[in-house]
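For reference, the structure discussed in these notes is given below.
The structure presented is a predicted model; accordingly, all values stated were derived computationally and were not measured.
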Amino acid sequence: MFNLLVSADETAWEGRPSIFDLTRCIREYTDADITKRFGDLDEASVEQLKKLPAIFAYEEAVGKAPKFGRITDVSKRANRREVRVDYELIPLQRFLTSEELWSMGAELDYGTWESSRTHWAVKNVDLMRELLAKGIILPPQFAAAGQPRIPSPLQYVDITQHHFDVAFSFPGEYRETVEAVARETTVLKGSHSRFYDNNYQAQLARPGLDLLLQALYRDRAKLIVVFIGSDYQRKVWPGIEWTAIRSIITNLREPARVMYVKMDEGQVDGIFHHDGYIDGRKFSAAQIAEFIAERLHFLGPRQAV
């Protein structure tokens with residue numbers, strides 16, 4: 001289960017407690033048995049609600065992205081028929097946009113007009129499982145009872161040893177596109193499958209990073225997706241990665257391991273007019289991720305170097 005708290009106030013969910021009308025707390029858009037279990041907001045109920053993950057959302061018309069966290073305290077004010085909710089926001093590497101949240105009616109059990117009403121509902125949905133399908137990983141303490149806990153990204157793999165299905169090489173100017181493609185690739189192939197730098201920042205904060213990256217791209221990535229264009233040629237880190245990628249093509253003679261996504265008409269030394277590419281301006285992130293999955297399928301298993 002999870003808490004869904006929705007507000008029409010665009011200044012809500014900035015750390016200050018929020019006030020809800022009692023009639024809109026765990027009554028509207030909530031299964032009757034859940035209302036019966038938690039609706040009185042007695043001490044025992046509040047303790048259980050505090051253990052659930054929470055989405056702190058804005059009404060769809062506000063257009064602001066929701067936030068993730070947990071409820072830390074609930075105070076019922078009987079004389080005013082109000083409920084005060086205190087909460088803690090928990091930063092995630094990535095969370096839902098407003099559009100993504102309100103498009104997940106089937107997955108998260110939204111009712112008609114729920115996106116346009118201030119209220120607090122409790123949904124009988126495994127939030128961790130549903131968000132994992134979108135490439136969003138929640139802290140392990142929010143795993144549903146009886147379900148295996150999923151470790152946080154920093155516990156996943158040692159990038160000095162792990163073999164990735166795909167690694168992305170790109171300049172910072174293309175990060176928004178690459179992050180979206182990495183997210184969609186996670187949905188298709190799993191969290192361990194792709195090397196995207198923002199997911200391993202702690203492990204990348206080390207001396208000799210150039211050597212680590214060259215070894216990773218050359219020896220421990222089945223497919224390297226290179227986002228090419230005018231910004232790729234002039235940046236230092238893509239240049240370091242490009243040295244290893246060129247080695248794959250020329251020394252290892254494994255050009256099938258390299259896939260180009262063209263972002264603009266800029267030139268990159270070593271890429272010629274007859275080389276094939278995906279036009280990143282014409283396809284969505286989800287479509288590019290599908291292309292990556294297709295290439296991986298035909299590459300087949302690769303022996304560790």
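Here the side chains of T177 and V261 are not in contact, with every heavy-atom distance at 4.5 Å or above. Between K67 and E14, the closest side-chain pair of non-hydrogen atoms falls below 4.5 Å. V181 is not listed as a side-chain neighbour of Y174, based on a closest heavy-atom distance of 4.5 Å or more. Annotation: side chain of L4 is not in contact with side chain of L108 (no heavy-atom distance under 4.5 Å). The shortest distance between side-chain heavy atoms of Q233 and D269 falls below 4.5 Å. Within the 4.5 Å cutoff, no side-chain heavy atoms of M263 are placed close to those of E173. The shortest side-chain heavy-atom distance between I248 and I224 falls under the 4.5 Å cut-off. For the pair F170 and D197, the minimum side-chain heavy-atom distance is below 4.5 Å.
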Derivation and outcome, side chain to side chain contact (heavy atoms under 4.5 Å, CB included), residues I278 and Q287: CA-CA 10 Å; I278 300 297; Q287 289 173 311; over 6 Å; no
Working for side chain to side chain contact (heavy atoms under 4.5 Å, CB included), residues V74 and V83: CA-CA 7 Å; V74 177; V83 174; 3.5 Å; yes
Trace of the salt bridge (charged side-chain N to carboxylate O under 4.0 Å, His left out) decision for E100 with K134: CA-CA 9 Å; E100 287 173 328; K134 299 288 185 182; over 6 Å; no
Test log, rule salt bridge (charged side-chain N to carboxylate O under 4.0 Å, His left out), inputs K123 and E130: CA-CA 12 Å; K123 304 294 186 179; E130 297 299 338; over 6 Å; no
Candidate pair V225 and V178, rule side chain to side chain contact (heavy atoms under 4.5 Å, CB included), full reasoning: CA-CA 10 Å; V225 179; V178 177; over 6 Å; no
Side chain to side chain contact (heavy atoms under 4.5 Å, CB included) between F227 and Y232, intermediate numbers included: CA-CA 7 Å; F227 289 78; Y232 191 91; 5.7 Å; no
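Side chain of R257 to backbone of A221: a donor-acceptor contact under 3.5 angstrom is found. A donor-acceptor pair under 3.5 Å is absent between the side-chain atoms of R27 and the main chain of T35, judged by distance alone. Under the 3.5 Å distance criterion, the side-chain polar atoms of K64 are matched with a main-chain donor or acceptor of E10. Under a 3.5 Å cut-off, the side chain of R295 and the backbone N or O of A256 do form a donor-acceptor pair. Under a 3.5 Å cut-off, the side chain of N3 and the backbone N or O of L49 do form a donor-acceptor pair. Not one N or O on the side chain of E241 forms a donor-acceptor pair closer than 3.5 Å with the backbone of L213. A donor-acceptor contact shorter than 3.5 Å links the side chain of D158 to the backbone of T160. When atom types are taken as modelled, the side chain of R24 and the backbone of T118 share a donor-acceptor pair closer than 3.5 angstrom. Distance alone, capped at 3.5 Å, is enough to place a donor-acceptor pair between the D264 side chain and the S230 backbone. Within the 3.5 Å criterion, the main-chain N or O of G105 finds no donor-acceptor partner in the side chain of E114.
To the nearest 0.5 angstrom, N199 atom CG is 8.5 Å from Q201 atom CD. Considering CZ of R70 and NZ of K50, their distance stands at 7.5 Å, rounded to 0.5 Å. Note that CZ of F195 and CZ of R220 are 9.0 Å apart. Values are rounded to the nearest 0.5 Å. Residue E60 holds its CD atom at 10.5 Å from CH2 of W113, rounded to the nearest 0.5 Å. A distance of 14.0 Å separates CD1 of I71 from NZ of K51, quoted to the nearest 0.5 Å. Note that NE2 of H119 is 9.0 Å distant from CD of E59, once rounded to the nearest 0.5 Å.
Considering F68, W120, F56 in turn, F56 is the only one that fulfils the ring pair (Phe, Tyr, Trp, His ring centres under 6.0 Å) rule with Y87.
L211 and W237 fall into different hydrophobic clusters, defined by Ile, Leu, Val, Met, Phe, Trp and Tyr side-chain heavy atoms under 4.5 Å apart, directly or through other members. When the side chains of ILVMFWY residues are joined at heavy-atom separations under 4.5 Å, either directly or via intervening members, Y29 and I26 end up in two distinct hydrophobic clusters. I19 and V85 end up in different hydrophobic clusters when Ile, Leu, Val, Met, Phe, Trp and Tyr side chains are linked at under 4.5 Å. When hydrophobic clusters are built by joining Ile, Leu, Val, Met, Phe, Trp and Tyr residues whose side-chain heavy atoms come closer than 4.5 Å, directly or via intermediates, F272 is not grouped with V226. Residues W242 and L252 share a hydrophobic cluster, clusters being chains of Ile/Leu/Val/Met/Phe/Trp/Tyr side chains in contact below 4.5 Å.
E47 CD: more than 12 foreign heavy atoms inside a 6.0 Å radius. Within a 6.0 Å radius of CD in E99, other residues, nucleotides and ligands contribute 12 heavy atoms or fewer. Heavy-atom neighbours of R81 CZ from other residues, nucleotides or ligands within 6.0 Å: at or below the threshold of 12. Residue Q267 places its CD atom among 12 or fewer non-hydrogen atoms of other residues, nucleotides or ligands, all under 6.0 Å distant. Annotation: H273, atom NE2; neighbour count of heavy atoms from other residues, nucleotides and ligands within 6.0 Å does not exceed 12.
The two residues P66 and F95 come nearest to each other via the heavy atoms O-CD2, 3.6 Å. L216 and A167 get closest at one heavy-atom pair: CD2-CB, 4.3 Å. Taking all atoms of both residues into account, the shortest heavy-atom contact from T97 to A65 is CA-CB, 4.2 Å. The two residues E184 and A289 come nearest to each other via the heavy atoms CB-CB, 3.5 Å. The shortest non-hydrogen separation linking L127 to I55 is CD1-CD1, 3.9 Å. Looking at every heavy atom in both residues, D165 comes nearest to L296 through O-CD2, 3.2 Å.
Checked by atom type, the side-chain pair Y196/R175 shows a donor-acceptor distance below 3.5 Å. S7 and D9 share no donor-acceptor pair across their side chains, judged by distance under 3.5 Å alone. A donor-acceptor contact closer than 3.5 angstrom links the side chains of R194 and T186. Counted by atom type alone, S247 and Y217 present zero donor-acceptor pairs between their side chains at under 3.5 Å.
Note on ring orientation: taking the six-membered ring where Trp is involved, the planes of Y200 and F164 are perpendicular (angle over 60°, cut-offs 30° and 60°).
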